[in-house]
Every structure is written in C-alpha cells, then in structure tokens.
There are 2 protein chains.
Amino acid sequence: MATRRPTIRDVAKKTGLSVSTISLVLNEQENVSDETRRRVKKAISELKYHPRRSARGLASQTSGNIGFILTEDHFLQAEPFYTKVFLGTEFEARRHQYYVLLTTVDKGRKSNRDIPRFLLEHNVDGIIIAGRISPGWIDECLSRDLPVVLIDFEEPSRRVSTVMIDNRAGALLAVDHLASLGHARIGLIAGDIGHPSIAERIAGFAAGLKAHGIEMRPEWTITDQPETGIENGATAARKLFSSVNGRPTAIFAANDAMAIGCLQTLKELKIAVPRDVALVGFDDIEAGLHVEPRLTTIHVHKEELGAIAARRLVELIAAGSPSVTRTTAAVDLVVRESSGGPITVTVSKRA
Amino acid sequence: MATRRPTIRDVAKKTGLSVSTISLVLNEQENVSDETRRRVKKAISELKYHPRRSARGLASQTSGNIGFILTEDHFLQAEPFYTKVFLGTEFEARRHQYYVLLTTVDKGRKSNRDIPRFLLEHNVDGIIIAGRISPGWIDECLSRDLPVVLIDFEEPSRRVSTVMIDNRAGALLAVDHLASLGHARIGLIAGDIGHPSIAERIAGFAAGLKAHGIEMRPEWTITDQPETGIENGATAARKLFSSVNGRPTAIFAANDAMAIGCLQTLKELKIAVPRDVALVGFDDIEAGLHVEPRLTTIHVHKEELGAIAARRLVELIAAGSPSVTRTTAAVDLVVRESSGGPITVTVSKRA
DNA sequence: GTATAACATCGAACCGGTTCGAATTGAACT
DNA sequence: AGTTCAATTCGAACCGGTTCGATGTTATAC
C-alpha cells in the first residue's frame with residue numbers, strides 16, 4: 001500500500017467539485033466564489049496536495065525554469081566574477097519561484113550540436129546570457145521565441161534587453177579621483193575595444209578628461225591589446241612607458257586584470273606606485289586585494305547584476321511581449337593604496 | 001502558420017511507424033530492428049525533433065534534475081567553499097544529463113513551510129545536501145524515497161551515502177609535516193567537536209602524535225569552542241598561550257578560520273610565526289593566502305567533493321535501490337610560510 | 001508440417017495538470 | 001412572466017511523452 005501522492009482529482013473528489021475548478025483555485029484565477037476557494041484550500045492542505053511541476057509544465061507549456069548561459073572560459077576562470085553574477089541570479093530567481101538551469105557554451109558557436117539541452121527540451125521560460133558571447137547564441141534563443149536578457153554585453157543589432165555595468169560613470173569616478181589628487185597627466189590602458197563595456201569605459205575616460213580640461217595624449221593611450229588579461233596589461237604598460245615624450249603620472253586601466261599587469265611592468269621598470277605613478281583599475285576583482293600596493297578600483301556589484309537580470313527576465317516572461325530594456329547598475333569608487341589613498345574608503349555614487 | 005515544433009507523433013507519421021516504436025528508439029531500448037532504428041533516427045534529425053522534458057517527465061515520473069540543498073548561512077558566507085562544491089556538482093551533473101536545482105534551507109528546520117519547492121513539486125530525482133544540516137531535512141528527503149548524498153557531513157543513525165573529506169589523512173599530513181620540521185611540542189585548536197569532520201581531524205591529530213611518539217598534552221589541546229570561526233580560533237589561542245606550563249612550538253588548527261584567529265592572537269601576544277610557533281590549518285580557504293605569514297594548510301578539493309557526490313547520486317538514481325556508500329576525497333598538504341616552509345610546495349598524498 | 005519461442009511493432013491507457021466553450025444559476029431589467 | 005447577463009462551475013479535449021499487454025512474423029525445435 002504505497003501511499004500514492006494525491007493528485008488534483010483527489011482534491012476534486014474530496015470537495016465534490018470538478019477538477020477544473022480546483023485548477024482555477026490553484027492558479028489564483030478570478031471567477032471562483034470565496035466559499036469554494038476556501039473549501040478547496042482546506043482540502044488541499046488536509047491532503048497535503050501539491051501539483052507536480054512536470055504535469056503543470058506539460059499542460060501549460062511552461063517549465064518554471066530560467067536558463068543561464070555562460071561561455072566555457074568564463075565559467076572556468078579562477079576569478080569568481082561570473083560565479084557571483086550567477087549566484088545573484090539564482091537567489092533572485094528563487095524569490096520569483098523560478099529555478100535556474102546553468103549551462104556553458106563554447107565561445108565560437110562552431111558546432112550546432114552543443115545547443116544547450118534546455119533549449120532543445122523546452123525546459124526554460126527565458127534565458128540570461130552573461131558576458132561576451134557569439135551573437136549566434138543570442139539568435140538561437142530569440143528564434144525560439146524565448147525572452148532573453150544579456151548581462152555585461154550588448155548587441156545593438158539585436159533587439160535584446162541588457163543589464164550593463166555603469167561603465168561610463170565608473171570611468172568618470174576614476175578620472176575625478178585622479179584629478180582630485182592633482183594628476184593632470186593621465187594615461188589609459190585598455191584592450192579588446194570591440195567589447196561594449198570596454199568601449200564605454202574608454203569613452204567615459206575621454207569624457208572625464210575633457211571635463212577636467214585635461215589633454216588626452218595618444219602616446220599615453222594604449223588600447224590596441226586584443227584581450228584584457230594580465231599579460232595584455234603588462235604589454236600595454238611596457239609600450240606606454242617606453243615612450244620618450246614624457247610620462248603620465250597616473251594610469252586608468254580598463255579593468256583590474258590589466259591594471260595588475262601594468263603594476264608588474266611598473267615594478268620591473270622600478271617605477272614606484274603610487275609615488276611615481278598612480279593606478280586605478282575597474283571591476284574590483286579579488287586579485288586586486290592581494291597585490292602590493294592594493295588596487296584602487298571601481299567596484300562592480302556582481303550579484304546585483306545577476307539579480308537585476310533575473311528581475312527583468314521574470315517581467316518579460318510575465319508580460320509575454322518582447323519589450324526591450326536597458327538597465328544600468330551603479331558602481332562605486334574604492335580607494336586603496338595604488339592611487340595614493342592612504343586608507344580604504346568607499347565612496348558611493350548613484351543608487 | 002506558426003511552425004509548431006514537431007512531436008513524437010510527427011516522427012511516427014513520417015516513418016509510418018507507431019508512436020511507441022519511436023519512443024523505444026528514443027530510449028535506446030532493445031527489440032528494435034537496426035533498419036527501423038536507422039529510419040527513425042533519420043526522420044528525427046530531418047524533423048529536428050527533440051522530446052520535451054516536461055512531457056517525458058510526466059510520463060516517466062522523472063525530472064532530469066537533482067536538488068542541491070545548502071543551509072542559508074553556508075550559502076551566504078563570503079568564503080566560497082560551498083560555492084565551489086556546488087559548481088563541481090553542477091559541472092559533473094551536466095555531464096550526466098542532469099540539471100541542478102539549488103535551494104537553501106534554514107539551519108534549524110523550524111518551520112515546515114519552507115520545504116524546498118522542488119521536493120513538493122516532484123521536480124528532482126535525487127538530492128545532494130552539503131555541509132552540516134539538521135537531520136530533519138535528511139529525513140524529509142528520505143521519506144519521499146529520494147536518493148540522498150551528503151557532502152562533508154555524516155549522520156550515522158541515518159542510512160545515507162556520504163562524501164567526506166579525508167580528514168584523518170589530512171590531520172596526519174599536518175602532524176607529519178610539523179614533526180619533520182623537528183617539532184615535538186604540538187598543540188591543537190578546535191571547536192564544534194560534534195561535527196563529524198572536526199571530530200575526525202582531532203582523532204587524526206591524536207593518531208599522528210602517537211605515531212611520532214609525541215605526548216598529547218591536555219593544556220595544549222583546546223577544543224571547547226562552540227563554533228569554528230575566526231573569533232573562536234583567537235579565543236582558543238588566548239586560552240592555550242595563557243597556560244604557564246610551557247608552550248607548544250607548533251599548533252594544528254582544525255580549520256583555516258580558526259588558524260587565522262590563532263594568528264591574530266599570536267600577533268597580539270608578540271609571538272612570532274613561524275619563528276616561535278609554527279601553524280598549520282585545514283581547508284585551504286582563500287583567506288589563508290592573504291594573511292601574513294601565509295597559512296600552511298591541508299588543501300581540500302572542493303569542486304571534487306561536489307563532483308563525486310554528483311556521480312554517486314547518479315549511480316543511486318540509476319540503480320533504483322538505496323545502497324549506502326561512503327567516499328573519501330583525498331587532500332594535499334600545502335606548505336607556506338606559517339609553518340616555516342620557505343617556499344610554496346605541494347605534496348600530494350593518495351590518489 | 002506443426003508447436004514454440006523470440007523478436008518486432010502496435011494500440012491504448014496513462015501520467016496530472018490546463019484551458020476553453022458550454023451549462024447552470026440567480027439577479028437585474030423590461 | 002420572460003429575457004438578458006454576469007458569475008460560477010463543469011466536461012472534455014489536450015499537452016507529448018512512456019509503458020505494457022496484445023498481435024503478427026519469422027526463426028528454431030521436434
């Protein structure tokens with residue numbers, strides 16, 4: 001006598017109502033009398049009835065899941081940037097009664113065979129894609145009529161909602177900070193300028209200089225690196241400081257990884273940080289805390305990025321229509337030693 | 001003319017076979033002729049047919065998901081120990097065609113109302129529970145006839161499979177290391193001795209001392225802390241070094257958090273590490289890399305713990321019978337400065 | 001040549017919900 | 001009293017698979 005778990009028919013039987021009425025109550029529909037609603041809820045709790053997800057899913061063609069897509073290399077990298085984003089999504093999704101299915105795809109989208117299984121199986125109601133990705137993957141999702149939200153990446157040619165870091169504001173904060181310390185000779189190190197976030201940081205940097213009436217000198221603006229890793233930062237710095245036309249007294253790096261590479265080069269060249277050159281990064285990754293001197297940087301609220309994307313996606317799913325939004329997540333300046341700040345201070349800007 | 005996605009009936013129609021035969025092919029069953037199998041597979045790929053998860057789930061009463069349960073405080077803690085375990089599970093589960101549904105529960109299991117939704121909805125085929133948890137939650141899962149695997153926690157009174165850190169081997173490695181450096185006066189700092197892992201580490205420590213013919217002195221063995229946080233480590237160390245009957249020259253702490261607390265106390269007391277006292281921790285958490293001196297410790301392969309649990313759980317699901325296993329994951333000694341090792345060396349023990 | 005077994009395929013019930021048009025009821029309106 | 005209409009409730013089809021007993025076919029044994 002295995003105690004079969006109750007189904008909606010058991011609830012119908014117990015209340016003497018029809019199955020469809022029970023379903024109406026379950027889904028909080030109108031057009032059910034208060035009296036009936038009460039009776040049904042009572043029976044449900046007495047029977048300890050709970051609808052099975054797969055039955056509901058089959059009938060209503062929804063899964064109750066949202067998909068989270070990450071490129072393989074982002075998933076595997078040691079720095080937990082996207083891990084934090086994912087956990088932010090996970091946490092927020094749960095608040096909205098969704099589970100998150102995580103998957104990775106390869107960067108290039110070469111083979112068609114590793115299309116995320118949850119797409120093939122109709123097992124998600126919407127998709128979050130984090131980080132730079134081949135547009136092919138975005139199209140793949142859109143072609144299945146699934147709502148999509150991108151995080152930290154934009155594809156202007158695709159009609160997709162995005163959640164972006166406020167890169168421009170961050171770059172402005174960085175320049176303001178350096179300018180307030182008296183710097184008027186400020187260089188830039190960047191790479192992968194095709195990346196929307198990087199492009200915005202560069203633009204913000206330029207705008208910041210202009211606002212402070214500081215000249216942006218080409219020989220101090222090294223943005224030709226193909227990637228934004230530590231190595232690229234080191235190389236770019238070598239290039240910058242080999243210039244003979246005088247040196248900047250401060251550097252803004254487009255992200256912390258490049259800033260750390262820059263720091264390595266400056267050490268090799270016996271250029272003291274922050275005495276000879278002040279340095280500011282972007283992202284506030286863990287590693288920035290463990291270099292000497294510790295990195296002044298723009299803090300990105302990674303969990304918040306994921307949480308916002310989850311909220312947007314849930315809205316899109318509920319709306320049923322493919323509206324496009326662009327949400328910007330605020331950033332903070334975190335002053336540490338690499339810019340000459342004597343102590344750690346956090347300055348918040350914009351809610 | 002919305003291009004409705006094909007169903008199994010479309011495949012049946014196209015091949016002139018029955019729906020049930022298609023299903024047999026889909027599930028790689030015997031008793032299908034090669035010829036038929038080939039025809040079906042051809043039709044499937046031509047139609048780009050893929051079975052929907054919820055339909056399959058309803059019919060076969062399986063979900064294709066596994067649940068991952070974590071206590072709220074473990075989920076929220078800054079140290080990414082359980083995050084890494086989770087990602088290990090996630091990665092391995094995907095290899096076996098499972099998705100992982102994550103949820104948190106409150107520590108005490110007070111209210112019955114926050115039973116993980118995936119349990120109520122029959123939305124998982126098995127459960128992984130990570131870290132110490134109220135036995136009530138284990139019973140909750142077992143009572144639903146779901147396979148369960150615990151990570152880093154045991155409940156001898158419950159018949160449950162577990163994946164444990166090799167705590168004993170780790171403690172032995174730590175003692176061996178200290179002994180090989182010439183230490184013969186070794187103290188212990190621990191807390192929460194009801195925790196199975198902590199108990200094993202203490203036992204391993206005792207066994208290690210015995211093996212080296214070293215006396216275990218009660219006044220150097222501080223294990224009465226209720227928890228194993230940094231504060232507890234600091235308190236325990238204060239207690240130990242206030243003793244007047246001579247001091248140990250080395251300390252083994254039951255985990256890195258306590259070791260870090262111990263380090264703080266030693267600094268206050270102007271006891272130099274490693275010169276006056278050598279220190280070894282356990283877990284290899286991130287923070288251990290950022291204290292001065294860096295912590296010699298026992299490295300735990302966190303992702304591996306999660307991956308092993310996923311494999312065990314998949315086996316249990318496939319078997320359909322509730323066999324109980326206990327798997328131990330190897331650990332490594334990582335020598336850094338806190339024990340007097342001049343450079344970072346990793347010594348591996350046991351595969 | 002017939003009984004038997006093994007194999008391949010089929011038909012239909014079933015999993016447990018949702019949904020929508022139809023039926024019922026009672027109040028409001030002519 | 002007859003008609004209209006909104007509010008409830010119901011019945012049945014449907015979602016897209018799995019599964020199992022039944023059926024037809026062919027090979028094997030006697």
Side-chain angles (χ1 to χ4, degrees), chain A residues 2-41 43-44 47-65 97 117-118 120-123 125 320, chain B residues 2-41 43-44 47-65 97 117-118 120-123 125 320:
Chain A
T3 64
R4 188 180 51 79
R5 297 193 56 212
T7 74
I8 198 171
R9 324 230 177 226
D10 296 319
V11 181
K13 208 159 294 171
K14 177 162 180 127
T15 55
L17 292 162
S18 73
V19 164
S20 36
T21 301
I22 312 299
S23 178
L24 292 177
V25 174
L26 280 178
N27 295 290
E28 302 289 347
Q29 301 279 355
E30 302 298 316
N31 292 349
V32 177
S33 71
D34 291 346
E35 162 63 9
T36 299
R37 192 182 305 277
R38 215 166 26 68
R39 259 172 61 212
V40 171
K41 292 201 166 170
I44 285 177
L47 290 173
K48 296 194 205 308
Y49 165 74
H50 205 98
R52 286 151 188 70
R53 181 66 251 185
S54 52
R56 178 171 267 191
L58 177 58
S60 67
Q61 304 285 42
T62 66
S63 65
N65 301 323
Q97 312 278 75
R117 197 161 48 82
F118 55 56
L120 298 171
E121 291 179 340
H122 266 206
N123 204 7
D125 301 335
Chain B
T3 64
R4 188 181 50 78
R5 298 193 56 213
T7 73
I8 197 171
R9 322 228 179 229
D10 296 317
V11 181
K13 208 159 294 171
K14 178 161 177 129
T15 55
L17 292 162
S18 73
V19 164
S20 36
T21 301
I22 312 300
S23 178
L24 291 178
V25 174
L26 280 178
N27 295 291
E28 303 289 348
Q29 301 280 355
E30 302 300 317
N31 292 350
V32 178
S33 70
D34 291 346
E35 162 63 8
T36 300
R37 193 182 304 277
R38 214 165 27 68
R39 261 170 64 211
V40 171
K41 291 202 166 168
I44 285 177
L47 291 172
K48 295 193 204 312
Y49 165 74
H50 205 98
R52 287 152 188 69
R53 181 66 250 185
S54 51
R56 179 171 267 192
L58 177 58
S60 67
Q61 303 285 42
T62 66
S63 66
N65 302 323
Q97 312 279 75
R117 196 161 47 82
F118 56 54
L120 297 172
E121 291 180 339
H122 264 210
N123 203 8
D125 302 335

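In what follows, every chain begins at residue 1, and chains take the letters A, B, ... in the order their sequences are listed. Computed from a predicted model, the values in this text were never measured in an experiment.
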Could you give the distance from CG (B/Asn123) to OG (B/Ser54), rounded to the nearest 0.5 Å?
->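 Result: 10.5 Å between the selected atoms.
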Starting from the 5' end of DNA chain C, give me the residue, B/Ala59 or B/Ser33, whose nearest nucleotide shows up first.
-> B/Ser33
Contact nearer the 5' end of DNA chain C, comparing B/Ala55 with B/Val19 = B/Val19
B/Leu58, nearest nucleotide to its side chain (from C/dA8, C/dC10, D/dG16) |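 Taking heavy atoms from C-beta onward, the closest nucleotide is D/dG16.
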[X] [atom1] to [N] [atom2]: how many Å, rounded?
X: B/Glu121; N: C/dT18; atom1: CD; atom2: P; answer: 11 Å
X: B/His50; N: D/dG16; atom1: NE2; atom2: P; answer: 15 Å
X: B/Leu24; N: D/dT19; atom1: CG; atom2: P; answer: 10 Å
X: B/Asn31; N: D/dG21; atom1: CG; atom2: P; answer: 14 Å
X: B/Leu47; N: D/dG16; atom1: CG; atom2: P; answer: 14 Å
X: B/Lys13; N: D/dG17; atom1: NZ; atom2: P; answer: 13 Å
X: B/Arg37; N: C/dC7; atom1: CZ; atom2: P; answer: 14 Å
X: B/Gln29; N: C/dT9; atom1: CD; atom2: C1'; answer: 14 Å

Quiz question: going by heavy-atom distance under 3.5 Å, is there a donor-acceptor pair between the base of [N] and the side chain of [X]?
X: A/Ser20; N: D/dG11; answer: yes
X: B/Ser23; N: D/dG17; answer: no
X: B/Arg9; N: D/dG17; answer: yes

Can B/Arg37 and B/Thr21 be counted as having a side-chain donor-acceptor contact under 3.5 angstrom?
-> no
Should [X] be listed as having a side-chain N or O under 4.0 Å from OP1 or OP2 of [N]?
X: A/Asn27; N: C/dT18; value: yes
X: A/Arg56; N: C/dT18; value: yes
X: B/Thr7; N: D/dC15; value: no
X: A/Ser60; N: C/dT18; value: no
X: B/Gln61; N: C/dG16; value: yes

Taking NZ, NE, NH1 and NH2 as the nitrogens, is one of them in A/Arg5 or B/Glu121 under 4.0 Å from a carboxylate oxygen of the other?
->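 Result for this pair is no, no salt bridge flagged.
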Counting any heavy atom closer than 4.0 Å, what does A/Ile22 reach on the DNA or RNA strands: base, sugar-phosphate only, or nothing?
->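 No contact.
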Donor-acceptor contact below 3.5 Å, side chain A/Arg52 vs main chain B/Leu58 |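 No: the side chain of A/Arg52 does not pair with the backbone of B/Leu58.
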Is there a donor-acceptor pair under 3.5 Å between the side chain of A/Asp125 and the backbone N or O of A/Thr62?
-> no
Return the minimal non-hydrogen interatomic distance between A/His122 and A/Ser63, and the atom names on each side.
->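 Distance-wise, the nearest heavy atoms are O-CB, 4.2 Å.
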Would you kindly compare B/Ser54 and A/Thr21 by the position of their nearest DNA chain D nucleotide and give the one closer to the 5′ end?
-> A/Thr21
